[in-house]
Amino acid sequence: MNSYLEIIVQDISKAYSPGITAAEILKDVSPASRPEILAAELNGKQIDLSAPITEPGKLDFISVNTPKGLEILRHSTAHIMAQAVKELFPEVKVAIGPAIADGFYYDFDSPRPFTPEDLEKIELRMKEIVKSKLPFRKVVLPRGEAIQFFKELGENYKIELIEAIDADEVNLYSQGNFTDLCRGPHIPVSSAVKAFKLTKVAGAYWRGDERNRMLQRIYGTAFPSKDELKRYLELLEEAKRRDHRKLGKELDLFSISEEAGPGMVIWHPKGAMLRYLIEEFERKEHLRRGYQMVVGPQILKRELWEKSGHFDNYRENMYFTTVDEIDYGIKPMNCLSHMIIYKSRIRSYRDLPIRYFELGTVHRHEKSGVLHGLLRVRQFTQDDAHILCTPDQLNDEILGIINFVKDVMGIFGFDYTMELSTRPEKSIGSDEDWDRATTALEKALQALDLPYEINEGDGAFYGPKIDIKLTDALSRSWQCATIQCDFTLPERFGLTYVDADGTRKRPVMIHRVVLGAIERFLGVLIEHYAGAFPLWLAPVQAMILTITDRTDSYAAEIAETLRSHDIRVDLDLRNEKIGFKIREARNQKIPYMVILGDKELETQSIAVRKRGQDSTVTVDLAQFINALNQEISMRSF
RNA sequence: GCCGGGGUAGCUCAGUGGUAGAGCAGAUGAUUCGUAAUCAUCAGGCCGUGGGUUCAACUCCCAUCCUCGGCUCCA
């Protein structure tokens with residue numbers, strides 16, 4: 001047995017006695033105090049600074065200013081919160097408390113829900129704990145003893161967690177009088193927490209399963225410094241300003257009326273113009289890529305939904321109605337009529353691929369608690385297409401769609417992530433078909449060298465899918481584009497084509513949307529642009545403002561000319577000061593203001609003020625129209 | 001759907017048992033004005049809905065609808 005350990009620290013190999021701690025090595029290599037170091041990593045495994053080291057290897061220190069360090073800080077802050085809660089409310093039982101993307105949470109089983117006042121109290125108690133510099137101590141216990149320990153405390157959730165752990169020993173961490181089951185590592189001492197805040201309380205099911213008891217979850221966040229915490233909170237404020245529901249009201253784009261029904265969007269003139277522009281864009285882009293436009297009915301006979309499998313697998317999301325004693329289902333998807341169109345005549349292999357495109361409006365019964373502005377609604381319009389092709393054409397078609405999505409996202413300037421979702425529990429079709437379809441999707445992603453994640457069991461009931469997700473102002477991600485392979489519906493509907501050898505073969509179907517739902521896409525788009533749409537999408541492109549009523553008729557003339565050049569203009573002829581009118585046009589985020597006074601009338605010119613600029617430029621009208629048309633054709637700011 | 005917060009004028013919000021308020025928006029009048037809010041006057045409310053308690057309810061209780069946050073991150 002060696003009497004020393006060889007440790008490579010900061011690229012230098014040094015010899016230490018076994019049992020030395022990371023904290024001691026830190027002191028050795030860096031005599032100055034290093035409070036930003038929270039933990040260490042030995043041969044890639046995270047350890048506490050106080051952990052005795054018994055094996056040689058490479059030692060790295062984890063600073064609070066790295067993602068790993070921040071996660072440790074937040075996780076430890078969750079423990080401090082749990083300690084504070086147990087001290088204030090001893091009857092509460094603790095469940096789990098991990099670090100998450102923007103902070104941490106801890107779930108509690110409390111006889112009564114926490115109030116905002118409770119949060120304040122808990123926060124105060126946490127500050128005291130931080131101040132009292134409690135060390136975090138790790139204890140390793142045999143499973144049985146750990147179970148016994150938590151049994152005495154009545155912490156049955158912890159017992160359940162230990163029972164699920166497949167190991168002889170478990171780690172416990174204590175700070176002060178609070179002990180928690182935890183993998184660690186943790187900060188060395190509670191005073192390492194420099195800035196934190198509790199943000200919200202919410203219900204959460206134990207282990208995320210709605211059949212389980214609902215616990216009380218407290219969310220919070222922690223940062224290395226007060227400044228960083230402040231910046232984060234300011235970011236949240238900015239996100240609120242960008243919220244599409246707020247902007248939708250302020251810019252008079254849409255409303256959702258209690259009278260009309262939840263999850264039903266009512267588009268006001270400016271919002272309807274936005275939709276019109278997006279839909280026109282979509283039609284052009286699809287025609288350009290070899291799609292054909294089709295239109296199907298809003299309700300189809302229930303029998304057909306039974307045949308497709310929707311009735312068995314999707315019924316709880318569907319609405320039904322009866323007409324002349326015949327049952328109908330209101331469509332939650334557009335595929336059925338597309339299949340009927342395909343079946344309307346005999347298809348040759350020479351006809352394939354066939355790409356049917358429909359801006360199809362669907363209804364889905366979403367659970368009441370999940371509705372959310374434009375992002376989750378019950379009636380929406382998809383830019384939906386169904387591609388029917390031979391198995392040989394499948395890969396190229398998928399590549400074509402992914403490239404289509406990339407082009408479109410590029411135009412709007414979106415970042416996105418891709419996920420491959422595999423077979424869910426509730427599904428139809430053979431394992432072979434699922435494998436084939438999943439492989440086809442995966443191969444396409446790999447061929448394009450795109451990063452993606454795998455989402456086990458999250459596919460549609462008829463096939464696997466690639467989802468493209470966009471994020472909203474609060475960095476919540478929303479599925480927009482999706483590409484789904486389907487071998488089952490062509491089978492169920494008996495779709496065939498005549499192949500070169502004269503035999504009938506089964507086509508493959510791809511369901512796909514590019515923007516997804518127009519409603520959701522516009523919701524994300526509003527937040528993406530913070531309501532300041534690029535010229536080609538702005539419902540009002542130019543606002544004409546008059547200084548006195550002496551220029552009213554000149555303004556009308558200018559407006560008419562602009563309209564005749566397809567520029568969307570509004571006039572503000574009100575008896576108000578120019579500063580007031582400019583303020584309103586600014587708040588409405590209109591790309592161009594055209595300001596007309598005596599000077600402009602005299603010289604037959606216009607004064608143009610561009611969004612985001614504080615000064616005007618005097619130009620003649622023809623020049624202005626040219627510049628606008630150029631900007632519109634560029635489809636960018 | 002579940003847990004918690006909320007619903008008062010078109011909008012944003014104040015009002016905790018004794019007949020309902022502000023700012024902005026609106027209407028009217030004055031002002032004709034050069035780059036983020038001119039002044040004055042007026043009007044506007046089954047206090048989400050239904051029921052109950054009370055001499056009396058926006059306020060307390062029950063139900064219901066809508067809305068907001070969360071229910072994905074695994075010691």
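Chain A is the first sequence line, chain B the second, and so forth, proteins listed ahead of strands; every chain is numbered from 1.
- In summary, A:E238 and A:R242 engage in a salt bridge, as defined by a charged side-chain N under 4.0 Å from a carboxylate O.
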Under 3.5 Å, which protein N or O atoms sit close to an N or O of nucleotides 8-12 of chain B? Give each pair with its distance.
residue : atom : partner : partner atom : Å
B:U12   : OP1  : A:K249  : NZ           : 3.1

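- When the C1' atom of B:C3 is taken as reference, atom CZ of A:F108 falls 16 Å away, rounded to whole Å.
- Contact annotation for A:A204: backbone-only contact, meaning every heavy-atom pair under 4.0 Å involves sugar-phosphate atoms and none involves a base.
- Across the protein-nucleic acid pair, A:F104 atom CZ and B:G70 atom P stand 16 Å apart, rounded to whole Å.
- Among the heavy atoms of the strands lying under 4.0 Å from A:K200 are primed sugar atoms or P, OP1, OP2 only; no base atom is included.
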For this session: Could you please spell out the steps behind the side chain to side chain donor-acceptor pair (under 3.5 Å) verdict for A:Y157 and A:K93?
Result: CA-CA 8 Å; A:Y157 294 95; A:K93 290 174 187 169; over 6 Å; no

Under 3.5 Å donor-acceptor pairs involving side-chain atoms of residues 251-267 of chain A, not counting sequence neighbours:
residue : atom : partner : partner atom : Å
A:D252  : OD1  : A:H268  : ND1          : 2.8
A:S255  : OG   : A:H268  : NE2          : 2.7
A:S257  : OG   : A:E259  : N            : 3.0
A:S257  : OG   : A:A260  : N            : 3.1

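- The side-chain contact (heavy atoms from CB on, under 4.5 Å) search around A:T66 returns A:I62, A:S63, A:K68, not counting sequence neighbours.
- By the 4.0 Å N-to-carboxylate-O rule, A:R364 lies too far from A:E316 to be salt-bridged with it.
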Problem set entry | Base versus backbone protein contacts along nucleotides 34-47 of chain B [heavy-atom cut-off under 4.0 Å; B, S, -] | BBBBB---------

Polar atoms only, N or O, under 3.5 Å: list the protein pairs with nucleotides 73-75 of chain B and their distances.
residue : atom : partner : partner atom : Å
B:A75   : OP1  : A:R183  : NH2          : 3.3
B:A75   : OP2  : A:R183  : NH2          : 3.0
B:A75   : O3'  : A:L181  : O            : 3.0
B:A75   : O2'  : A:L181  : O            : 2.2
B:A75   : O2'  : A:C182  : N            : 2.8
B:A75   : O2'  : A:R183  : N            : 3.3

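- Residues satisfying the side-chain hydrogen bond (donor to acceptor under 3.5 Å, both in side chains) test with A:R231, not counting sequence neighbours, are none.
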